[in-house]
Amino acid sequence: MIYSKVIGIGSFVPEKVLTNDELCGMVDTSDEWITSRTGIKERRIAGAGLTTSDIAAYAAKKAIKLSGLNNNDIDLVIAGTITPDMIFPSTSCIVQEKLGLKNAAAFDVSAGCSGFIYGLSIADSFIKSGKYKNVLVIGADLLSRITDYNDRATCVLFGDGGGAVVLTANSENSRGILSTHMHSEGGHDSILMLRAGGSLMPATHKTVDSGEHYIKMKGSELFKYAVNFLKDVAEEAIRFNALKPEDIDLFVPHQANIRIIEATAKKLHFPMEKVFVNVEKYGNTSSGSIPIALNEAYESGRLKEGNIVLIDAIGAGLTWASAIIRW
Ligand code: UT7
């Protein structure tokens, strides 16, 4: 049996901070509303010259360095993103070129905020099958580029950033990915989507003027799906591995809203001491959320070798997914 072991991790967020107080000067909102409804205090916003592939490449470079591998050792690049540099070529191919990963195949995964865990699951399957040995999995998004800063219901939520891990084939299961689970349920476009710019509604002056190139979200409807699906997919992972909730050393959920995180943790009977939270600093960074949080947990010493970590996320599609990793 072959297992996928995490041997490198890194993340990157742009320097510029956008605070709740600054947003109060842009839309009719308040620090009190944003903090009490979401837990978010600030988020990072990329400057004009920065692209998703830049964020991905900075994070990936750190992950590859930590892994001890050479760039030529990477055989596959998978990037979860819904804000690619352009519709094609894929952001993974652009990262491949930026980092000189000459021997790698590369493709993107579009699964909303579940993009990183979907990528991890695909990478794990390729490694288990023996097809690839060293896989770079990225989750990166630049949501500020598709956010309407006149819409107070969405603009307070989102930020920019990304992270990456390097997985390698390992013949022992002492460390590595123990399970992944992916789910989708189409038909929820009205809850979360970006309608224009594809084959349904190509870009025109009209689509630009009517704001169709921005995220549209029905937050309170999505909230209910989020809590239930995140609980279900976490329980599925725990059951699959014949574990008990108390066996999980750290729960790293998608960082969308502190109320979703707390409600999910409560349903799973996880004390908040076992839950990693950084939503206050970055808001919702979509595919970037889980790898940024995992990297901060690792760098701050909260995620130690041998720990059992559970990650889960939900996003546009709808998609939702989980993984359990023995770190
Ligand atoms: O990553 C996956 C995708 N995203 C999510 O998982 C997000 C899921 N949803 C959420 O996090 C929450 O639903 C939100 C934070 C988006 C909204 O919180 P809520 O408690 O569900 O509020 P709401 O949408 O029901 O709005 C309540 C009120 C409304 O006013 P009325 O109609 O009651 O008068 C809104 O217009 O709050 C108003 N409101 C705001 N007020 C001040 C909405 N946004 C703001 C704002 N500042 N920024």
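Numbering of ligands and ligand atoms starts at 1, following listing order. Atoms considered below: every heavy atom in the structure, side chains included; atoms not considered: hydrogens, waters and symmetry mates.
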Side-chain H-bond candidate by donor/acceptor type, Asn257 with Thr38, under 3.5 Å: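 No, no side-chain donor-acceptor contact under 3.5 Å.
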For residues Ile311 and Ile117, determine if any side-chain heavy atom of one lies less than 4.5 Å from a side-chain heavy atom of the other.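 They are in contact (side-chain heavy atoms under 4.5 Å apart), so the answer is yes.
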Ser220 and ligand 1 - part of the residue with a heavy-atom distance under 4.0 Å: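 Ser220 to ligand 1: contacts from backbone and side chain alike.
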Check Asn284 against ligand 1 and report side chain, backbone, both or neither, counting heavy atoms closer than 4.0 Å.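 Side chain only.
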Check each of Ser30, Ser286, Gly219, Ser289 against atom 13 (O) of ligand 1 and report the one with the nearest heavy atom.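 Nearest heavy atom to atom 13 (O) of ligand 1 lies in Gly219.
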Nearest-option assignment for atom 14 (C) of ligand 1, heavy atoms, candidates Ile215, Thr319, Asn257: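 Looking at heavy atoms only, Asn257 sits closest to atom 14 (C) of ligand 1.
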Looking at [Y], is its backbone amide N or carbonyl O close enough to the side chain of [X] to form a donor-acceptor pair, meaning the two atoms are under 3.5 Å apart?
X: Asp141; Y: Thr83; answer: yes
X: Asp160; Y: Leu143; answer: yes
X: Asp85; Y: Thr51; answer: no
X: Glu22; Y: Thr19; answer: yes
X: Asp247; Y: Ile308; answer: no
X: Asp151; Y: Thr147; answer: no

Please report whether ligand 1 has a polar contact with Thr38, defined as an N or O pair separated by less than 3.5 Å (distance criterion only).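 Between Thr38 and ligand 1, no N or O pair is found under 3.5 Å apart.
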Nearest to [atom], what protein heavy atom do you find, and at what distance?
atom: atom 2 (C) of ligand 1; result: Ile314 O, 3.5 Å
atom: atom 7 (C) of ligand 1; result: Met217 CE, 3.9 Å
atom: atom 6 (O) of ligand 1; result: Ile260 CD1, 3.6 Å
atom: atom 3 (C) of ligand 1; result: Leu222 CD2, 3.2 Å
atom: atom 44 (N) of ligand 1; result: Trp33 CH2, 3.4 Å
atom: atom 48 (N) of ligand 1; result: Arg152 O, 2.9 Å
atom: atom 20 (O) of ligand 1; result: Arg37 NH1, 2.9 Å

Yes or no on salt bridge (Lys or Arg N to Asp or Glu O under 4.0 Å) for Asp28 and Arg152, after CA distance, side-chain angles and deciding distance? CA-CA 7 Å; Asp28 180 15; Arg152 69 175 183 172; 3.7 Å; yes
Salt bridge (Lys or Arg N to Asp or Glu O under 4.0 Å) partners of residues 31-45, not counting sequence neighbours, each pair once: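 Output for this query lists Asp31-Lys41.
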Looking at residues at least two apart in the chain, or sitting in another chain, which of them share a side chain to side chain contact (heavy atoms under 4.5 Å, CB included) with Glu185?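 Partners of Glu185 under the side chain to side chain contact (heavy atoms under 4.5 Å, CB included) test: His188, Tyr225, Phe229, Trp320.
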Going by the atom numbers of ligand 1, which of them fall below 4.0 Å from some non-hydrogen atom of [X]?
X: His254; result: 1 (O), 2 (C)
X: Thr29; result: 42 (C), 46 (C), 47 (N), 48 (N)
X: Arg259; result: 18 (O), 20 (O)
X: Cys113; result: 1 (O), 2 (C)
X: Val156; result: 48 (N)

Near Tyr298 OH, under 6.0 Å, is it more than 12 heavy atoms from other residues, nucleotides or ligands?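 For Tyr298, atom OH is not crowded (no more than 12 foreign heavy atoms under 6.0 Å).
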Determine, counting only non-hydrogen atoms of the protein, whether one lies under 4.0 angstrom from [atom].
atom: atom 29 (C) of ligand 1; result: no
atom: atom 11 (O) of ligand 1; result: yes
atom: atom 34 (O) of ligand 1; result: no

